[in-house]
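Notes follow once the structure below has been shown.
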Amino acid sequence: AAKKAAHAGVSSADVESFAEYLKGCRRILALLGAGLSASSGLPTFRGAGGLWRTHDATELATPEAFQADPALVWQFYSFRRHMALKAAPNKAHYALAELSRRNKDFITISQNVDGLSQRALHPSEQLHLLHGSLFNVKCTSFFCRYTRKDDFTDPIAPSLAIPKKSSLVKTDEDQGETGTKQIEESDEEIDISDIGHHLPDIPVKDLPQCPECNGLLRPGVVWFGEPLPSKTLKTVDEWIESDPVDLMLVIGTSSSVYPAAGYTDIARAHGARIAVINMEQSVKTLGENDWFFQGDASVVVPEILK
Ligand code: BV8
Ligand code: ZN
C-alpha cells in the first residue's frame, strides 16, 4: 500500500503512521466535498474546471437567483442532475462505503449533492447529507409541505431536456461575417457554460410543478443563506458529543463553506487526529499529529483505507 500511495504523491512514512493509527481507531468521522467526485467527471465548485463561464455556481445556488430567474436556476440543476446520472462512483466512494460496513462507529457527513456515495451503496444510516441532494425536490408554496426524494427522472420536466448544440439561439457573437454561422446539425449536447447564454427562456408553467398544489417545485438542496437540515445537524452533533472522536478524514473539500467546514475544529476539540486528502492544502490548522495526503482522492483514499 505504501509503495502505491507513494506513487500517488504521498510519503510512505505518512501512510505507515496513518495505517498504524487507523488500526486502533473506532470512532471515525469523514467530511466529503466536491473533490471526491472530481475523478468521476463532475466539476468542483471552485478552482480549475469550475462549473461556469458566464456565472459563478455559488451565485446561482441562492434563493435570490431562483426568485429572479427560476428557469435559469432549474437549467443549472437539470444539467447537474444529468451529469451526475451519467457519472459513476469512483474507488474512493466504494472504499468509504466498505469502511462503513466494517465499522458501524464510522459516520460520514457529505457536502456533495451528486448522489455518488449513495450509488456506491454507502450505508444510508451512516451517511448524512449536509446540503441536500440534486435528486430531491420540494414545493415553494408557503403553505404546502410537498417533498419528493430520490427522483432520478432525467429530464425532470420535458422543458429541461439538455438542448443540443444545434438548438442554440444564434446571437450576434455567434454570427460571423456570413451572417448566421450554422451550428452543425450535431446531436451533441450543449456545454454547461452555454446555459444562461444562448438558450431560449422557459415559461414558469413548464418548470417542475407540485402535484399537490400546482406550485413551483425547487431543487431539494441547501442554498447559500439557507439553514442546513436541523435533524441532520442534531444527529451529527449527538454522535460527536457522545464519545471522543479518534479520527477525522477531510476529503476533497476547500473547507471554505460553513458550517460544514467547522466540523474539523469540532472533531479536533473532541480528541480527533485529522487526515486531509486533497489536491491542495485546504485545512490551515493541521498539527504535527495530523496528516495531509496530497493527491487525487480516488487514488489516495482506497490506498490509505486498505
Ligand atoms: C448558512 C448545495 C445560516 C447547492 C452548497 C462569510 C464567512 C463565513 C461564512 C459565510 C460568510 N458569508 C456567508 C457565509 C455562510 C455561507 C458560507 O459558508 N459561505 C462561504 C462561501 C463563505 N454558508 C451558508 O450560507 C450555509 N448556510 O450559513 O445558513 C443560517 C442559519 C440559520 C437560519 C438561516 C441561515 C449554506 C451553505 C450550503 C450551500 N450549498 N451546495 C449546490 O450544490 O448547488 S455548498 C457547495 O459548496 C457544495 O455543496 C460544495 O460541496 C460546497 C463546498 O465546496 P467543496 O465541496 O469544498 O468544493 P470546492 O469546489 O470548494 O473544493 C473542491 C476541493 O477539492 C478543492 O480544494 C480542490 O483542490 C479539491 N480537489 C479537486 N479535485 C480533487 C480534489 N481533491 C482530491 N481529489 C481530486 N481529484
Ligand atoms: Zn405544493
Side-chain angles (χ1 to χ4, degrees), residues 8-10 31-52 55-66 73-74 76-81 83-84 90-93 109-117 129-148 208-230 232-233 249-262 264 276-284 292-302:
V10 297
L31 171 66
L32 311 181
L36 172 68
S37 300
S39 280
S40 297
L42 297 183
T44 58
F45 266 74
R46 298 161 184 83
L51 275 173
W52 282 63
H55 297 269
D56 168 356
T58 51
E59 250 172 51
L60 285 161
T62 64
E64 295 74 23
F66 188 74
V73 175
W74 257 120
F76 173 52
Y77 282 97
S78 179
F79 201 99
R80 287 176 59 202
R81 290 166 102 260
M83 286 199 294
N90 62 57
K91 288 203 181 99
H93 293 106
I109 53 179
S110 182
Q111 301 172 94
N112 297 340
V113 295
D114 58 34
L116 292 185
S117 289
L129 303 181
L130 298 179
H131 297 156
S133 165
L134 288 172
F135 303 103
N136 297 347
V137 285
K138 60 186 186 183
C139 184
T140 57
S141 302
F142 182 71
F143 52 85
C144 180
R145 318 293 303 158
Y146 179 80
T147 60
R148 189 163 70 222
Q209 306 285 333
C210 173
E212 282 173 17
C213 76
N214 281 328
L216 177 61
L217 293 179
R218 58 164 279 185
V221 297
V222 177
W223 281 329
F224 287 100
E226 293 187 322
L228 275 58
S230 47
T232 305
L233 294 182
L249 304 169
V250 182
I251 305 172
T253 178
S254 59
S255 292
S256 57
V257 172
Y258 286 80
T264 305
V276 175
I277 299 97
N278 210 56
M279 272 303 187
E280 75 213 346
Q281 177 59 281
S282 55
V283 175
K284 322 269 175 283
F292 170 53
F293 296 111
Q294 181 155 24
D296 176 355
S298 69
V299 172
V300 177
V301 169

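Order of listing sets the numbers, starting from 1, for every ligand and every atom in it. If you read the sequence from its start, that first residue is 1, and numbering goes on from there.
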- Query: Which atoms of ligand 1 sit under 4.0 Å from any heavy atom of Gly252?
  - Reply: 63 (C), 64 (C), 65 (O), 76 (N)

- Item | Listed protein N/O/S atoms, distance to the Zn ion (ligand 2) under 2.8 Å | Cys139 SG, Cys144 SG, Cys210 SG, Cys213 SG

- Task: Verify the distance criterion only: is there a donor paired with an acceptor across the side chains of Ser37 and Asp114 at less than 3.5 Å?
- Result: yes

- Message: Taking side-chain contact (heavy atoms from CB on, under 4.5 Å) as the criterion, tell me which of Val283, Leu32, Asn278 meets it with Val250.
- Response: Val283

- Message: I need the atoms of ligand 1 closer than 4.0 Å to a non-hydrogen atom of Gly295, numbered in the order shown.
- Response: 77 (C), 78 (N)

- Note on the structure: atom 31 (C) of ligand 1: of Ala61, Ala92, Pro227, the nearest heavy atom sits on Pro227

- Note on the structure: Quick look: Val113 vs ligand 1, heavy-atom contacts under 4.0 Å, and the answer is side chain

- Message: With nothing but distance in play, are any N or O atoms of Ala297 less than 3.5 Å from an N or O of ligand 1?
- Response: yes

- Message: Does the Lys NZ or Arg CZ of Arg80 fall within the cation-pi geometry relative to Phe76 - under 6.0 Å from the ring centre and within 45° of the axis?
- Response: yes

- If you take all heavy atoms of Leu216 and Thr140, which pair is closest and at what distance? O-OG1, 2.6 Å

- Message: Quick check: Gly33 and ligand 1, any N/O pair under 3.5 Å apart?
- Response: no

- Derivation and outcome, side-chain hydrogen bond (donor to acceptor under 3.5 Å, both in side chains), residues Asn90 and Ser40: CA-CA 6 Å; Asn90 62 57; Ser40 297; 3.0 Å; yes

- Query: If you take all heavy atoms of Ala92 and Leu36, which pair is closest and at what distance?
  - Reply: CB-CD1, 3.5 Å

- The atoms of ligand 1 lying under 4.0 Å from a heavy atom of Tyr77, numbered in the order shown, are 4 (C), 42 (C), 44 (O)

- Item | Side chain proximity check, Leu130 to Leu233, heavy atoms < 4.5 angstrom | yes

- Message: With nothing but distance in play, are any N or O atoms of Val221 less than 3.5 Å from an N or O of ligand 1?
- Response: no

- Query: Between Arg218 and Glu226, is there a side-chain N and carboxylate O pair less than 4.0 Å apart?
  - Reply: yes

- Note on the structure: In ligand 1, the atoms that come under 4.0 Å of a heavy atom of Thr44 are 60 (O), 72 (C)

- Rounded to the nearest 0.5 Å, the CD atom of Gln281 sits from the OG atom of Ser254 at a distance of 12.5 Å

- Between CD on residue Gln209 and OH on residue Tyr146, distance to nearest 0.5 Å: 12.0 Å

- Closest contact, heavy atoms only, Leu60 versus Trp223: O-NE1, 4.5 Å

- Should one rank Glu226, Gln111, Gln294 by closest heavy-atom distance to atom 27 (N) of ligand 1, which comes out on top? Glu226

- Task: Answer yes or no: is there a side-chain heavy-atom contact under 4.5 Å between Thr232 and Leu129?
- Result: no

- Nearest candidate to atom 48 (C) of ligand 1, where distance is taken over non-hydrogen atoms, out of Phe293, Phe76, Phe45, Trp223: Phe45

- Please confirm whether Ser282 comes within less than 3.5 Å of ligand 1 when only nitrogen or oxygen atoms on both sides are compared. no

- Note on the structure: Note: ligand 1 atoms sitting under 4.0 Å from heavy atoms of Arg80 are 42 (C), 43 (O), 44 (O)

- Query: Quick one: does Ser282's side chain get under 4.5 Å of Val276's, heavy atoms only?
  - Reply: yes

- Message: Is there a polar contact, in the sense of an N or O pair closer than 3.5 Å, between Ala38 and ligand 1?
- Response: no

- Does Ala261 reach ligand 1, in the sense of a heavy atom lying below 4.0 Å from it? no

- Please work out whether the ring planes of Trp74 and Phe66 are parallel, tilted or perpendicular, with thresholds of 30° and 60°. perpendicular

- Using a strict 4.0 Å cut-off to heavy atoms of Ala34, name the atoms of ligand 1 that fall inside it. 55 (P), 56 (O), 58 (O)

